[in-house]
Amino acid sequence: MTSLLLRDAELAGQLRADVRISDGTVTEVAPALSRRGEAEYDCQGGAVLPGLCDHHLHLYAMAGWNHSVRCGPPDVINRIDLSAALTAAEPDRHGWIRGVGYAESIAGDLDAAALDRLRADRPVRIQHRSGALWMLNSAALAAIGALSPDDAPQAGLERGPDGRPNGRLWRADDWLRTRLPRSGPPSLARVGAALLRHGITAVTDATPDLDDRAIAAIGDAMARGQLPSRVMLLGAPLGMVLPGDLGLPGPAAGPYKMMLADSGLPAHDELADRIRAAHAAGRPVAVHCVTREALVLLLAALADAGPLPGDRIEHAALVPRELLSDLARLGVRVVTQPGFLPHRGDDFLRDLPPGDCADLYRCATLRQAGVPVALSSDAPYGPLDPWAAIVAATGRRTASGQVAGPEERLTFAEALDAYLAPPDAPGGPARRVRPGMAADLVILRVPLADVPSLPTPVRAVLVRGALR
Ligand SMILES: [Zn+2]
């Protein structure tokens, strides 16, 4: 196994020291360590940190974005851009064109007829930037057998006045996949490389209901060194034990992901029963929750079912002030994404009732209320770059320069720590570089104090002590 001596590392923003690594573990941290024949790496005073953890992203959706047409900001901002992008798009080997990142600000609500005017000669499917909606043109509807009123009696398939599917398909990815040309899970190699480039050595995949094949392919990618050393899967089925749960290499099952759709909420008792079932299987819950109504329902159901340590709320995009104490009392963690604010903040501030703007992607007031807060990207639906998300969490600036929720700003240290907690304790105490820890480390180009002014501060990454 590798041995390495990191020279002149800045630790915790102050101390300068050397870091000895052997067999994938940090073994010594002290000034002027003597060399024991191992390789040396001169950090030149740059900060050395534990590898960052992105507590909520979607690995396969990220892989999908790598071969998709960008149909939303910042690449595409109006109908002219969208038309140009779709016209130029190369179909995949099945003849399909896949678009991602669409927002209504570009060309309104898209249905099959509207999409046909943009590109009709190939099946086209475009995903809304929220990930909740696919929009299909007529060729795509024909290809999946969903053209006539009798076709595809599928929940989520929106219908026009004539009763025929209109091309808009809500939260039905699993069903859509059964109708698309078959292809195996996409390669995760480029996703893994992007994670390492940003200094991310641990991730939590928040995709619900992962199947055996998808989980096995993630394990394979880890074994081949294509993914970070720690991967937690919120979408692992209840009852499934993964290698990581047993301390073996490979993914671990985390809390159990549950969706609370933005419309059509479940009944209180049904939700409480689902939470009880997850808890009975030994899994805390991780509940997607973006509206005020969903949060009220979730907190009531959690109180009813009884919380389990590790229960978490994903996004918590709107938290009314009067619910802060309930969140704290239930002991739930919040995994949120102020990194959305630079791109979408102006849309949020324009579309929300003025009274709700203070409730948007809360961070500081949650912490003050005693709620553990972790940051994450929700990539590919939000930008992956944790350093940009940290800057967003400290300034909360929108593209036009407004500050979205000034009292929710975190300090740089708080925002960084929100990426440094371990995957199984989001919002918990940040890991620090010390003897005994796994040598998953990030080496920055500069001391910590200079990071906020540097767009790409990562110089190198160590995974289990190996330089990457
Ligand atoms: Zn997500």
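What's counted below: heavy atoms across the whole structure, side chains too, no hydrogens, waters or symmetry copies.
Sorted by first and then second residue, the ring pair (Phe, Tyr, Trp, His ring centres under 6.0 Å) pairs involving residues 299-353 (not counting sequence neighbours) are H56-H315, H288-H315, F340-Y361, F348-Y361.
Under a 3.5 Å cut-off, the side chain of R119 and the backbone N or O of T87 do form a donor-acceptor pair. Looking only at distances, no side-chain donor or acceptor of R125 sits under 3.5 Å from a matching main-chain atom of L136. Between the side chain of R409 and the backbone N or O of P406, at least one donor-acceptor pair lies under 3.5 Å. In this structure a side-chain-to-backbone donor-acceptor pair under 3.5 Å is missing from R445 to L454. The closest donor-acceptor contact from the side chain of W170 to the backbone of E158 lies at 3.5 Å or more, if one exists at all.
A salt bridge is absent between D440 and R230; no separation between the charged side-chain nitrogens and carboxylate oxygens falls under 4.0 Å. In this structure, K257 does not pair ionically with D205, as no charged nitrogen and carboxylate oxygen lie closer than 4.0 Å.
When all heavy atoms of D75 and D81 are compared, the closest pair comes out as O-OD2, 4.2 Å. Closest approach of L360 to R396, counting heavy atoms only: O-NH2, 2.8 Å. When all heavy atoms are compared, the tightest approach of A415 to L410 is CA-CD1, 4.0 Å. A63 and L188 get closest at one heavy-atom pair: CB-CD2, 4.1 Å. Heavy-atom minimum distance, V461 versus G199: CG2-CA, 3.9 Å. What you find for Q337 and V335 is that their closest heavy atoms are NE2-O, 3.7 Å.
When only modelled atom types and interatomic distance are considered, H55 and T204 share no side-chain donor-acceptor pair under 3.5 Å. Inspection of the E408 and T365 side chains reveals an N or O donor paired with an N or O acceptor under 3.5 Å. D92 and H67 share no side-chain donor-acceptor pair at under 3.5 Å.
By the 6.0 Å contact criterion, CZ on R190 is open, its count of non-hydrogen atoms from other residues, nucleotides or ligands being 12 or less. Heavy atoms of other residues, nucleotides or ligands lying less than 6.0 angstrom from CG of L238 number more than 12. The environment of CZ in R79 is sparse: at most 12 heavy-atom neighbours from other residues, nucleotides or ligands sit within 6.0 Å. Other residues, nucleotides and ligands contribute only 12 or fewer heavy atoms inside 6.0 Å of the CD atom of E90.
When each of D209, I215, D211, L210 is paired with P237, the side-chain contact (heavy atoms from CB on, under 4.5 Å) condition holds for I215 and for no other. Checked against I313 for a side-chain contact (heavy atoms from CB on, under 4.5 Å), the options V319, T336, V290, L299 give a single hit: L299.
With sequence neighbours excluded, the residues that form a salt bridge (charged side-chain N to carboxylate O under 4.0 Å, His left out) with R177 are D174.
Residues F412 and I390 meet the side-chain proximity criterion, which asks for heavy atoms closer than 4.5 Å.
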Exercise. Evaluate salt bridge (charged side-chain N to carboxylate O under 4.0 Å, His left out) for E414 paired with R367, printing each intermediate quantity in order.
Key: CA-CA 10 Å; E414 288 168 342; R367 283 173 54 98; 3.6 Å; yes
